[in-house]
There are 2 protein chains.
Amino acid sequence: MTDTRNNLDTRERILDVAERLFMAAGYEATSMRMITGEAEVNLAAINYHFGSKEALLREVFRRRLAWLNSERLVILDELEAQAGAAALKPSQVLEAFFGTLLRMGEDPALGGMVFLRLLGRTLTDPADFIRTFFAGEYAEVIARYKRALFRSLPDVPKEEIIWRFHFMLGSMSYALAGTDMLQIVAGCEPNEASATNAEAARRLAARVMPFLLGGLRAPLPQFVDAVAQRDEAAGDAPARTVLTA
Amino acid sequence: MTDTRNNLDTRERILDVAERLFMAAGYEATSMRMITGEAEVNLAAINYHFGSKEALLREVFRRRLAWLNSERLVILDELEAQAGAAALKPSQVLEAFFGTLLRMGEDPALGGMVFLRLLGRTLTDPADFIRTFFAGEYAEVIARYKRALFRSLPDVPKEEIIWRFHFMLGSMSYALAGTDMLQIVAGCEPNEASATNAEAARRLAARVMPFLLGGLRAPLPQFVDAVAQRDEAAGDAPARTVLTA
DNA sequence: CTCTGATTCAAACGTTCGTTTTAATCCTAA
DNA sequence: TTAGGATTAAAACGAACGTTTGAATCAGAG
């Protein structure tokens with residue numbers, strides 16, 4: 001009985017293993033020898049097929065983000081077509097943006113939870129080539145959804161919406177990346193530890209979406225008086241409360 | 001004129017530089033030669049004073065978290081003493097937990113925004129020794145604040161509170177770590193780019209605290225019927241809406 | 001079959017990594 | 001002033017890193 005080496009071609013086997021190892025250990029801590037070893041391909045195959053380790057990481061993401069971002073645009077187009085001249089509801093926009101993401105976690109063919117965790121962790125990676133890459137991949141989708149949020153929340157200052165979009169991305173990114181801190185918070189293994197990845201994705205979706213919507217629609221912040229801020233900066237004892245509410 | 005090498009002793013100069021470089025490039029991508037070079041100390045000084053690179057990272061965090069966590073416990077003690085038998089308001093608990101954190105960003109002596117960004121980025125690091133370290137450092141404080149949140153939200157299932165605590169940690173962690181994605185979302189440099197770090201911390205605090213509170217108090221999720229879930233897992237086409245609301 | 005381009009392979013490249021060693025230097029207490 | 005522990009210094013260690021090379025092997029077209 002021969003092995004399964006040629007069931008998938010070398011390129012995709014490298015991508016699959018790299019996706020999993022980058023998720024488990026991070027980009028820097030994952031060596032090309034770990035990847036090629038586990039994929040049972042020659043060390044030189046990565047440089048032959050992708051050019052470099054950096055290019056491999058980019059291709060790992062491009063493979064998944066191509067589907068994700070195109071799907072996000074299609075769904076937003078559909079929603080806006082249905083709504084006609086009316087503005088979408090904030091919940092519709094969030095559902096389109098984050099729901100599409102979470103659906104990847106339920107479908108192994110789209111990367112499953114492995115890719116979602118990798119994405120969550122890599123979004124905060126400080127490496128220049130990663131930040132540049134994500135900026136390019138996300139620019140169009142973010143711009144479209146930003147406009148949709150502006151229209152859906154006409155009474156909220158645009159700057160505030162931008163910040164809250166940022167916070168929502170953070171909640172989601174972290175929720176995906178970190179089973180770790182969740183275990184610290186929970187004080188034990190999450191319940192139903194033997195749940196499949198698809199079930200885990202559904203559970204996460206059901207819990208995180210209301211949280212995001214609640215944060216997005218929260219009362220606007222009460223800013224501290226600018227004069228008080230200046231006094232503090234001048235050396236007065238800082239007030240203990242950051243938020244007055 | 002002699003240099004300023006001995007104004008601070010070697011240990012603290014290593015810690016300061018390491019804190020900044022770990023923040024800017026991450027743990028793996030920061031070499032000991034970069035640290036000792038910039039700190040103008042001998043390469044062997046890190047192993048002499050701290051034992052290893054891993055132990056150095058731990059000490060970088062211990063130095064700041066000692067203050068943070070003790071302050072968090074003291075403030076919670078005070079609040080609970082004032083409240084007597086009554087439960088605290090959720091906003092008070094959040095203010096104590098996250099407000100204390102954000103105050104570090106305003107005070108360079110406590111690490112300032114450099115440390116906050118390092119903390120935000122490192123919380124999602126997959127390295128085992130880092131996760132183990134944070135689990136130990138955070139256990140007591142998390143347990144205390146979890147109990148306080150349970151009491152302040154008696155009608156919300158504890159499991160739901162745990163998840164939302166997790167999401168709030170994520171929003172905050174990401175908000176601290178990522179000026180990067182914010183720039184993508186904003187489409188340009190954040191306004192008042194020349195603001196001081198202390199001002200940046202205050203602005204962030206004013207914006208993120210209402211978001212967290214809104215997420216924490218959001219309506220409870222409407223779970224999909226368990227039977228429908230099982231049908232989906234059995235191979236039916238997955239529903240397109242992750243959240244029904 | 002033979003030729004040709006694509007792919008795989010083993011081996012080595014030069015560099016950088018964290019750590020260790022041994023000697024020199026500094027600082028303080030006797 | 002001098003002994004002795006604490007700190008710094010320069011140099012080297014072996015291991016692991018990403019990458020490159022050149023030959024071997026494969027697969028499909030003529």
### Query
Are B:Glu199 and B:Arg202 close enough for a salt bridge, meaning some N to O gap below 4.0 Å?
no
Using nucleotides 10-12 of chain D, report all nitrogen or oxygen pairs with the protein that are shorter than 3.5 Å.
residue : atom : partner : partner atom : Å
D:dA10  : N7   : B:Asn42 : ND2          : 3.4

### Task
May I ask you to decide if A:Leu21's main-chain N or O and A:Thr30's side chain share a donor-acceptor pair within less than 3.5 Å?
yes
### Task
Send over the distance from A:Glu28 CD to D:dA16 P, rounded to a whole Å.
17 Å
### Message
Any carboxylate oxygen within less than 4.0 angstrom of a Lys/Arg side-chain nitrogen, looking at B:Arg64 and B:Glu137?
### Response
no
#### Entry: Results of side-chain contact (heavy atoms from CB on, under 4.5 Å) for A:Arg20 - residues two or more places apart only
A:Val17, A:Glu38, A:Val114
### Summary
A:Glu12 CD to C:dT7 C1', in whole Å, measures 17 Å
## Note on the structure
When rounded to whole Å, the CD1 to P distance for the pair B:Ile46 and C:dT21 reads 18 Å
### Query
Should B:Thr10 be listed as having a side-chain N or O under 4.0 Å from OP1 or OP2 of D:dT8?
yes
#### Entry: Nucleotide C:dG18, atom C1' - distance to OH of B:Tyr27 in whole Å
9 Å
### A:Ile142 side chain reached by A:Arg72 side chain, heavy atoms, under 4.5 Å
no
#### Entry: Salt bridge present between A:Glu106 and A:Arg103 (N-O < 4.0 angstrom)
no
### Query
Any sub-3.5 Å donor-acceptor pair from A:Lys53's side-chain atoms to A:Ser31's backbone N or O?
no
### Query
Would B:Tyr174 and A:Phe167 count as a close aromatic pair, with their ring centres under 6.0 Å?
no
### Euclidean distance, atom CE of residue A:Met34 to atom P of D:dA16 [Å, nearest integer]
12 Å
### Task
To the nearest Å, give me how far apart CD1 (B:Ile35) and C1' (C:dC17) are.
12 Å
### Query
Distance-only, no hydrogens or angles: does the B:Thr122 side chain make a donor-acceptor pair with backbone N or O of B:Leu119 under 3.5 Å?
no
### Task
Would you mind reading off the distance between B:Phe129 atom CZ and C:dG18 atom P, rounded to a whole angstrom?
11 Å
## Note on the structure
Numerically ordered, the residues 48-59 of chain B set in heavy-atom contact under 4.0 Å with DNA chain D is B:Tyr48, B:His49
### Contact under 4.0 Å: A:Ser31 side-chain N or O vs D:dC17 OP1/OP2
yes
### Summary
Separation of C:dC17 atom C1' from B:Met32 atom CE, nearest Å, is 10 Å
### Task
Under 4.0 Å between any heavy atoms, over every strand shown, what does A:Thr30 touch: base, sugar-phosphate, or nothing? Just pick one.
sugar-phosphate
